[in-house]
Amino acid sequence: MGTIKLFDSIEKDDVKKMLTCFDAKKLHFKKEAMILSNLANNTQIGIIESGSATIIRYNYNGSRTIIEKLNVGDTFGAFSKTYTEELYVIAAEDSEVIFFNYSKLINRCKKNCEYHNKLVRNMLEVLSQKMQDYNERIEVLTKKTIRDKLLTYFNLLNKKQLTKVITLPFSLTDLADYLSIDRSAMMRELKNLKEEGLVEQKGKRIQLKY
């Protein structure tokens with residue numbers, strides 16, 4: 001439980017008590033299984049306990065855009081009201097997800113659990129981080145060229161990972177979907193960046209040379 005941001009500073013035994021109090025349930029999902037649909041209008045909070053998932057929007061022509069990558073400890077669900085379109089949470093690998101109802105979080109239980117205040121504070125921090133991530137995504141997507149989108153995204157990862165050798169959280173195919181660009185065009189631009197000596201790339205590892 002220690003890697004779950006929502007449970008920071010809450011003792012393991014208290015987390016177990018809290019999940020019982022919240023009538024939480026743990027569900028298992030196979031890779032590519034639908035974890036949740038209609039994300040913006042659901043009443044549950046989901047927490048990735050193991051594995052990973054992606055939040056996806058399908059466009060009118062059937063193409064997809066990756067909105068967010070969810071790793072262990074990340075949350076999704078009822079507070080995702082910044083998204084107005086219909087979104088889906090899809091398992092990127094075999095995963096376990098904890099679910100509980102949002103009302104359990106915002107309403108104090110009859111037992112007046114001492115850890116509830118910590119949980120609310122943690123949720124505010126999670127929401128703050130999500131807004132920061134959302135703003136960063138806007139910064140990337142508003143760049144006019146594929147090169148600028150790639151370099152801006154690489155720079156953001158550089159700041160987060162504190163290294164010139166960054167690791168992409170996506171496959172290259174998923175990266176194109178995340179940046180809302182054509183994969184073939186992205187690969188051509190990535191090749192140009194390598195030929196110009198700006199980056200070196202091997203699989204999901206990118207070394208920044210600038």
Side-chain angles (χ1 to χ4, degrees), residues 3 5 29-37 39 46 48-76 80 82-83 85-97 129-210:
T3 59
K5 302 165 190 174
F29 296 90
K30 292 291 187 181
K31 181 179 180 180
E32 298 184 358
M34 176 81 71
I35 295 176
L36 195 65
S37 62
L39 179 61
I48 305 295
E49 186 176 41
S50 68
S52 61
T54 49
I55 298 178
I56 294 173
R57 178 185 69 216
Y58 289 100
N59 302 318
Y60 69 94
N61 59 0
S63 63
R64 68 172 191 166
T65 299
I66 293 178
I67 303 298
E68 185 179 351
K69 177 71 180 291
L70 300 168
N71 296 307
V72 172
D74 286 339
T75 57
F76 60 91
S80 302
T82 52
Y83 303 124
E85 61 273 76
E86 186 167 358
L87 303 178
Y88 304 86
V89 182
I90 307 294
E93 56 187 306
D94 290 356
S95 303
E96 292 183 327
V97 182
Q129 182 61 53
K130 281 189 174 292
M131 287 306 301
Q132 181 178 329
D133 293 341
Y134 182 66
N135 290 333
E136 289 175 351
R137 178 169 170 77
I138 291 175
E139 180 183 355
V140 173
L141 293 182
T142 52
K143 299 303 179 184
K144 294 184 177 181
T145 68
I146 292 175
R147 170 176 290 227
D148 285 345
K149 286 184 178 183
L150 284 170
L151 292 178
T152 300
Y153 184 62
F154 293 163
N155 287 336
L156 287 173
L157 291 182
N158 169 233
K159 292 178 181 178
K160 290 181 178 181
Q161 298 179 13
L162 301 176
T163 174
K164 286 281 190 179
V165 183
I166 60 176
T167 301
L168 299 175
F170 306 106
S171 67
L172 292 177
T173 297
D174 286 352
L175 176 62
D177 288 342
Y178 181 75
L179 298 177
S180 296
I181 54 182
D182 178 75
R183 185 185 186 280
S184 297
M186 184 192 75
M187 295 304 294
R188 287 195 297 271
E189 192 56 59
L190 188 56
K191 180 181 178 182
N192 291 337
L193 292 173
K194 290 189 286 187
E195 290 177 348
E196 294 171 25
L198 292 175
V199 302
E200 290 183 5
Q201 179 251 333
K202 185 175 182 181
K204 299 200 308 186
R205 294 176 68 84
I206 307 284
Q207 183 174 359
L208 308 181
K209 307 291 286 186
Y210 53 90

Handout entry: Distance in Å, Glu96 CD paired with Ile48 CD1, rounded so as to fall on 0.5 Å steps
Key = 10.5 Å
Handout entry: Backbone N/O of Asp148 and side chain of Lys143: donor-acceptor pair under 3.5 Å
Key = no
Problem - Polar side-chain atom of Lys130 near backbone of Thr75 as donor-acceptor pair, under 3.5 Å - result: yes
Exercise for the section: For atom NZ of Lys164, decide whether the heavy atoms of other residues, nucleotides or ligands shown that lie under 6.0 angstrom number more than 12. Expected result: yes
Practice task
State, to 0.1 Å, how close Ile166 and Gln161 come at their nearest heavy-atom pair, and which atoms those are.
Solution key: CA-OE1, 3.2 Å
Handout entry: Any donor-acceptor N/O pair, Asn135 side chain to Met131 backbone, under 3.5 Å
Key = yes
Problem - Interatomic distance, Met186 atom CE to Leu150 atom CG [nearest 0.5 angstrom] - result: 6.5 Å
Problem - Non-hydrogen atoms of Leu141 and Leu179 that approach each other most closely - result: CD2-O, 3.6 Å
Practice task
Please confirm whether the backbone N or O of Lys30 pairs with a side-chain atom of Asp94, one donor and one acceptor, at under 3.5 Å?
Solution key: no
Completion exercise
Output for pair (Leu157 CG, Leu168 CG), nearest 0.5 Å, gives 6.5 Å
Fill in the blank from the handout: Residues Gly46 and Val97: closest non-hydrogen pair is CA-CG1, 4.2 Å
Handout entry: Point-to-point distance, once rounded to the nearest 0.5 Å, from OG of Ser37 to CD1 of Ile90
Key = 8.5 Å
Practice task
State, with a plain yes or no, whether a side-chain heavy atom of Asp74 is found less than 4.5 Å away from one of Glu68.
Solution key: no
Just distance, no hydrogens or angles: give the donor-acceptor pairs under 3.5 Å from side chains in residues 197-210, sequence neighbours left out.
{"residue": "Gln201", "atom": "OE1", "partner": "Lys194", "partner atom": "NZ", "Å": "3.0"}
{"residue": "Gln201", "atom": "NE2", "partner": "Gly203", "partner atom": "O", "Å": "2.9"}
{"residue": "Tyr210", "atom": "OH", "partner": "Asn155", "partner atom": "OD1", "Å": "2.9"}

Exercise for the section: Quick one: which residue pairs count as a salt bridge (charged side-chain N to carboxylate O under 4.0 Å, His left out) with a foot in residues 177-190, not counting sequence neighbours? Expected result: Arg64-Asp177, Arg147-Glu189
Problem - Minimum heavy-atom distance between Asp133 and Lys160, given as atom pair plus value - result: OD1-NZ, 3.6 Å
Problem - Heavy-atom check, side chain of Lys191 versus side chain of Met187, under 4.5 Å - result: no
Handout entry: Backbone N/O of Phe29 and side chain of Ser95: donor-acceptor pair under 3.5 Å
Key = no
Practice task
Find out whether Thr54 and Tyr88 are in side-chain contact, i.e. whether some heavy atom of one side chain is under 4.5 Å from a heavy atom of the other.
Solution key: no
Problem - Exercise: identify the closest heavy-atom pair between Phe170 and Leu175 - result: CB-N, 3.7 Å
Exercise for the section: State the CG-CD1 distance between Leu87 and Ile56, to the nearest 0.5 angstrom. Expected result: 10.0 Å
Problem - Contact summary for Ser180 and Thr65, nearest pair of heavy atoms - result: OG-CG2, 3.4 Å
